Protein chains: 2
Amino acid sequence: MASKPSIPKGTRDFSPAEVAKRQYIIQTIKSNFEKFGFQPIETPSFENSETLMGKYGEEGDRLIFKILNSGEYLKDVPLEFLEYKQEKAITPKISEKALRYDLTVPFARYVVQHQNEIEFPFKRYQIQPVWRADRPQKGRFREFFQCDADVVGSKSLWQEVELVQLYDTVFSSLGLNGVTVKINNRKILSGIAEVIGASDKLIDFTVALDKLDKIGEDGVKKEMIEKGISEEAIVKVQPLFNFTGSISEKIEKLSQLLATSEEGMKGVEELRFICDNVANLGLTTAILDLDVTLARGLNYYTGAIFEVAAPKGVAMGSIGGGGRYDDLTGIFGLKNMSGVGISFGLDRIYLVIEELGLFPETVTESSKALFINYGDAEAFYALQAIKNLRASGIKVELYPDKAKVGKQFQYADKRNIPFAVIVGGEEMSSNTFSLKNLVSGEQISVDFEALREALI
Amino acid sequence: MASKPSIPKGTRDFSPAEVAKRQYIIQTIKSNFEKFGFQPIETPSFENSETLMGKYGEEGDRLIFKILNSGEYLKDVPLEFLEYKQEKAITPKISEKALRYDLTVPFARYVVQHQNEIEFPFKRYQIQPVWRADRPQKGRFREFFQCDADVVGSKSLWQEVELVQLYDTVFSSLGLNGVTVKINNRKILSGIAEVIGASDKLIDFTVALDKLDKIGEDGVKKEMIEKGISEEAIVKVQPLFNFTGSISEKIEKLSQLLATSEEGMKGVEELRFICDNVANLGLTTAILDLDVTLARGLNYYTGAIFEVAAPKGVAMGSIGGGGRYDDLTGIFGLKNMSGVGISFGLDRIYLVIEELGLFPETVTESSKALFINYGDAEAFYALQAIKNLRASGIKVELYPDKAKVGKQFQYADKRNIPFAVIVGGEEMSSNTFSLKNLVSGEQISVDFEALREALI
């Protein structure tokens with residue numbers, strides 16, 4: 001191979017500093033998941049194709065990475081399929097496995113497969129990579145991590161209350177203060193559809209309404225009419241064009257607007273329960289807001305819908321989302337299993353924390369000290385100390401070669417190692433160490449105990 | 001889907017308890033890697049096929065999972081290839097990417113690709129899954145984690161000394177006392193081949209010699225002769241048939257046996273340096289032993305070869321291995337980059353720890369207490385306490401539904417949650433909590449501070 005090797009488009013190598021920062025976020029999410037009673041599971045990277053295919057719509061099927069069978073994989077493929085290059089008919093015959101596309105379908109599969117071992121309600125979290133053959137673009141990758149927490153087997157709205165708290169706790173722990181947790185409810189959307197008398201236009205309606213800030217009331221109405229929503233319907237939902245105020249005020253407006261819709265009123269009640277309890281329990285730094293344009297995964301969710309926006313002033317799409325789906329495991333034959341869950345967008349959270357300079361400096365700290373190597377006798381003396389320092393949990397290392405001292409110091413500098421320990425004949429005979437602070441340049445002579453104290 | 005869903009053969013779901021135990025091992029390995037100055041990198045799950053193909057021999061190529069291109073992937077495949085179902089010619093045309101087969105080749109690729117950003121010597125660790133289309137069998141999986149630590153860019157033998165210490169530290173930290181770190185050297189093997197005058201018979205020779213314990217000296221010699229090794233040669237290496245004693249004694253025997261082989265004597269010197277320094281620095285619980293039959297990855301390693309055996313009495317293959325390879329990155333065009341590294345066998349280590357009952361009980365502990373749900377008012381009161389307990393880092397949860405109390409206690413029991421907290425009207429009016437120890441059955445009334453103290 002003559003040219004420099006590369007990696008597939010849409011994938012990434014992570015350097016030590018990047019892994020450390022990602023791990024900092026993942027650890028924070030993980031420890032809070034566990035504080036909230038969620039337990040980890042892991043599923044295989046690839047599933048049987050039949051488990052995944054048909055679960056994400058036609059577009060999803062196309063974006064699933066398929067794994068080629070091994071051996072004589074064409075053996076049972078009819079010749080005519082091959083002659084006419086009928087990929088659609090051939091693919092299922094030459095590929096039985098596919099890479100995980102999200103964590104929700106494998107979770108549903110897991111719940112059904114292991115239903116007899118699981119105690120319900122089952123609070124699980126899962127932090128694993130997923131793969132999508134999307135066209136790579138800025139901030140969109142073909143391999144990325146999902147961080148999901150879901151509860152399955154309970155319809156209690158206290159879960160929704162706790163999930164809002166969980167968002168608040170995680171983002172506050174990350175120093176990402178002031179995120180907005182937007183909430184909506186599928187039943188509210190159904191109510192609106194009933195009121196405007198056009199359930200098939202619901203998406204068009206919410207998409208247009210979402211542009212209120214950008215194109216103004218007239219612009220939105222114009223777009224709605226273009227999309228075939230009647231003027232009469234638009235008049236009926238006039239309050240949505242001035243949908244401001246506190247959450248309580250918004251809920252009050254909705255309860256008037258949706259008074260004729262049984263489904264809509266049920267959504268109002270759910271929202272009220274969740275929002276009241278969240279308000280009474282209090283949030284640390286996050287803000288809860290009701291957003292009736294929120295319609296993510298519309299066909300999927302049946303109750304609450306969540307989405308998290310980065311703190312004001314940071315231009316970034318949603319950094320989290322989730323909701324309730326009343327029939328999570330039905331696709332695999334287990335009925336009446338209500339689920340509710342939230343997800344954290346690792347890559348975007350990373351970008352926001354980076355932009356705001358919120359990664360603690362210690363996150364990327366590697367070794368605390370580099371022992372300079374002056375030769376084998378000195379190296380042995382150094383390694384005795386290194387062994388004891390490591391036993392105290394201190395990260396230290398020996399420069400492996402007896403290289404020029406300048407080169408060794410340069411190495412410490414480039415690696416951002418804050419201290420160098422110099423061990424020559426003098427130190428060995430007096431049983432001491434010369435500890436040099438590579439930031440201040442200060443150098444002191446210390447015994448082992450003082451060295452340990454300085455580095456701990 | 002009528003039947004219960006399943007997962008592909010050779011793959012595994014991990015339950016919460018299994019994930020917790022695996023994480024305990026991974027965390028121990030990781031924290032010790034970092035104490036020794038290794039830094040984490042991560043590479044994509046799939047690489048360009050050309051990066052992987054041809055690097056693991058013909059058998060390896062066959063076992064690499066290939067990813068099917070998307071879209072009209074047959075477009076550029078010549079019709080005649082298809083008509084004759086020539087998989088070998090077709091595969092490279094319909095699959096451009098393949099799943100990682102190990103962590104070493106991607107690491108070599110990473111080093112070459114990022115050589116200008118890396119400070120050498122580069123001490124990296126990597127803990128990620130790899131995939132092999134092996135025939136699944138007991139203890140062998142198609143998806144499994146590798147845990148590798150390597151140093152690239154230094155020929156210093158101090159690395160080998162430190163890697164033996166690293167094995168000792170990790171296994172001692174895991175409570176896995178008394179593992180044997182077997183060491184050998186490729187140059188010793190070359191020396192033996194020189195002495196027996198048959199370098200092409202070296203593998204046959206070591207394989208036969210390895211059976212000494214089982215089939216005795218006569219049996220081994222018989223097998224060697226059958227494999228075409230001359231009686232004269234066998235006489236020359238007679239000391240290897242009584243290769244006992246301390247490491248120093250073994251090294252002494254080797255230095256006599258290999259006196260005529262320059263290469264062999266270089267191996268003796270390397271072994272002496274490593275073993276002497278390891279002995280002088282001391283090991284916590286591991287035992288270092290010289291095993292001249294150790295020949296893993298013969299074509300790969302150029303210096304030290306390591307393999308770790310489980311503590312005596314546990315029937316398990318090697319739980320770790322590694323060695324030095326003088327030309328790690330040559331395959332990608334970067335010459336003269338010596339590397340040395342070791343690997344930990346996560347799955348086998350798990351089985352050994354399980355067999356010896358060494359997982360700490362706390363590893364699988366989930367929530368510390370379950371708050372019993374008596375209704376919305378009580379649940380709200382409970383959640384206020386829960387919020388404050390979580391802020392103190394305590395894992396607690398509310399049973400989400402107002403279910404029968406017996407059912408809720410049963411849930412706590414099955415989840416191994418050690419405490420239940422009961423909150424009824426009485427507790428609410430006196431601002432207290434009834435804390436029930438689910439192991440002893442003892443129940444006490446406490447205020448919040450005492451509750452916190454009891455659960456922390």
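A note on names: the letters A, B, ... follow the listed sequences, proteins ahead of strands, and every chain is numbered from 1. The structure presented is a predicted model; accordingly, all values stated were derived computationally and were not measured.
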A.B. asks: Got B:E42 and A:Q23 here, is their nearest side-chain heavy-atom distance under 4.5 Å?
C.D. replies: yes

A.B. asks: Heavy-atom pairs under 4.5 Å with chain A - which of B:Q86, B:H114, B:Q113 has more of them than the others?
C.D. replies: B:Q113

A.B. asks: Scan side-chain atoms only and decide if B:D376 and A:W158 contain a donor-acceptor pair under the 3.5 Å cut-off.
C.D. replies: yes

A.B. asks: Quick check for you: among A:F141, A:F120, A:W131, which has the greatest number of heavy-atom pairs under 4.5 Å with chain B?
C.D. replies: A:W131

A.B. asks: Sort A:F38 into side chain, backbone, both or neither according to what part of it lies under 4.5 angstrom from a heavy atom of chain B.
C.D. replies: neither

A.B. asks: A:K97 versus chain B, heavy atoms under 4.5 Å apart: side chain, backbone, both or neither?
C.D. replies: side chain

A.B. asks: Using a 4.5 Å cut-off on heavy atoms from C-beta on, say whether the side chain of B:I41 contacts that of A:S15.
C.D. replies: no

A.B. asks: For the side chain of B:K395 and the backbone of A:E34, is there at least one donor-acceptor N/O pair under 3.5 Å apart?
C.D. replies: no

A.B. asks: Within the side chain of B:K35, is there an N or O that forms a donor-acceptor pair under 3.5 Å with the backbone of A:I394?
C.D. replies: no

A.B. asks: A:K402 versus chain B, heavy atoms under 4.5 Å apart: side chain, backbone, both or neither?
C.D. replies: neither

A.B. asks: In terms of heavy-atom pairs under 4.5 Å, which option from B:L389, B:L157, B:L370, B:V396 contacts chain A the most?
C.D. replies: B:V396

A.B. asks: Is chain B contacted by the side chain of A:I94, its backbone, both, or neither, given a heavy-atom distance below 4.5 Å?
C.D. replies: side chain

A.B. asks: Measuring from B:I118:CD1 to A:K414:NZ, what's the distance to the nearest 0.5 Å?
C.D. replies: 13.0 Å

A.B. asks: If you tally heavy-atom pairs under 4.5 Å against chain A, which of B:R124, B:K123, B:R62 wins?
C.D. replies: B:K123

A.B. asks: Measure distances from A:L99 to the heavy atoms of chain B and classify the residue's part below 4.5 Å as side chain, backbone, both or neither.
C.D. replies: side chain

A.B. asks: Please check if the side chain of A:K387 supplies one atom and the backbone of B:G282 the other of a donor-acceptor pair under 3.5 Å.
C.D. replies: yes

A.B. asks: Pick one of side chain, backbone, both or neither for A:Q384, based on which atoms fall under 4.5 Å of a heavy atom in chain B.
C.D. replies: both

A.B. asks: Taking A:K66, A:Q165, A:E83 one by one, which has the highest count of heavy-atom pairs under 4.5 Å against chain B?
C.D. replies: A:K66

A.B. asks: Quick one: are B:S367 and A:F36 in side-chain contact, heavy atoms under 4.5 Å?
C.D. replies: no

A.B. asks: Quick check on A:E119 against chain B: is it the side chain, the backbone, both or neither that has a heavy atom closer than 4.5 Å?
C.D. replies: both

A.B. asks: CD1/B:I64 to OG/A:S70 distance, rounded to the nearest 0.5 angstrom?
C.D. replies: 12.0 Å

A.B. asks: Answer with side chain, backbone, both or neither: which region of A:E96 has an atom nearer than 4.5 Å to a non-hydrogen atom of chain B?
C.D. replies: neither

A.B. asks: So what's closer than 4.5 Å to chain B heavy atoms on A:E18: side chain, backbone, both or neither?
C.D. replies: neither

A.B. asks: If I measure from the heavy atoms of chain A, does B:K30 come under 4.5 Å with its side chain, its backbone, both, or neither?
C.D. replies: side chain

A.B. asks: Got a donor-acceptor contact below 3.5 angstrom from the B:Y399 side chain to the A:P121 backbone?
C.D. replies: no

A.B. asks: Under a plain distance cut-off of 3.5 Å, with no hydrogens placed, do B:Y73 and A:T91 share a side-chain donor-acceptor pair?
C.D. replies: yes

A.B. asks: Less than 4.0 Å between a side-chain N and a carboxylate O, is that true for A:R390 and B:E162?
C.D. replies: yes

A.B. asks: Most heavy-atom pairs under 4.5 angstrom with chain B, which of A:I90, A:L383, A:V112, A:I417?
C.D. replies: A:L383

A.B. asks: Please flag which part of A:E47 lies under 4.5 Å from any non-hydrogen atom of chain B: side chain, backbone, both or neither.
C.D. replies: both

A.B. asks: State whether the side chain of A:E72 and the backbone N or O of B:E87 hold a donor-acceptor pair below 3.5 Å, judged by distance alone.
C.D. replies: no

A.B. asks: Using only atom types and a distance under 3.5 Å, with no angle test, would you say the side chain of B:N277 pairs donor to acceptor with the backbone of A:F380?
C.D. replies: no

A.B. asks: Minimum heavy-atom separation for B:K85 and A:L74, please, with both atom names.
C.D. replies: NZ-O, 3.0 Å

A.B. asks: Just so I understand: if I count every heavy-atom pair under 4.5 Å between each of B:L281, B:I67, B:N32 and chain A, which residue has the most?
C.D. replies: B:L281

A.B. asks: For the pair A:F46 and B:F65, evaluate ring pair (Phe, Tyr, Trp, His ring centres under 6.0 Å) and give the outcome as yes or no after the intermediate values.
C.D. replies: CA-CA 11 Å; A:F46 47 73; B:F65 278 113; 5.1 Å; yes

A.B. asks: In this structure, are over 12 heavy atoms from other groups packed under 6.0 Å from A:Y84 atom OH?
C.D. replies: no

A.B. asks: Are side-chain heavy atoms of B:D13 and A:P44 found at a separation under 4.5 Å?
C.D. replies: yes

A.B. asks: What part of A:S173 lies closer than 4.5 angstrom to a heavy atom of chain B: side chain, backbone, both or neither?
C.D. replies: neither

A.B. asks: Can you check whether A:R415 reaches B:Q39 side chain to side chain, under 4.5 Å on heavy atoms?
C.D. replies: yes

A.B. asks: Measure distances from B:K368 to the heavy atoms of chain A and classify the residue's part below 4.5 Å as side chain, backbone, both or neither.
C.D. replies: neither

A.B. asks: Go through the atoms of A:N280 and report whether side chain, backbone, both or neither lie under 4.5 Å from a heavy atom of chain B.
C.D. replies: both

A.B. asks: Would you mind checking which part of A:K9 comes under 4.5 Å of any heavy atom in chain B, side chain (CB onward), backbone (N, CA, C, O), both or neither?
C.D. replies: neither

A.B. asks: With only heavy atoms counted, which part of B:E117 is less than 4.5 Å from chain A, the side chain, the backbone, both or neither?
C.D. replies: neither

A.B. asks: Does the side chain of B:S154 pick up a donor-acceptor pair with the side chain of A:D401 at under 3.5 Å?
C.D. replies: yes

A.B. asks: Let me know if B:Y125 has heavy atoms under 4.5 Å from chain A in its side chain, its backbone, both or neither.
C.D. replies: neither

A.B. asks: Quick one: does any side-chain atom of A:Q159 pair with a main-chain N or O of B:P400 as donor and acceptor, under 3.5 Å?
C.D. replies: no

A.B. asks: Of all heavy-atom pairs between B:R109 and A:I7, which one has the smallest distance, and what is that distance?
C.D. replies: CZ-CG2, 3.1 Å

A.B. asks: If you define the side chain from C-beta out and look only at heavy atoms, does anything of B:V77 sit under 4.5 Å from A:L82?
C.D. replies: no

A.B. asks: Looking at every heavy atom in both A:T51 and B:S6, which two are closest together, and how far apart are they?
C.D. replies: OG1-O, 4.0 Å

A.B. asks: What part of A:K88 gets within 4.5 angstrom of chain B, counting heavy atoms only: side chain, backbone, both, or neither?
C.D. replies: neither

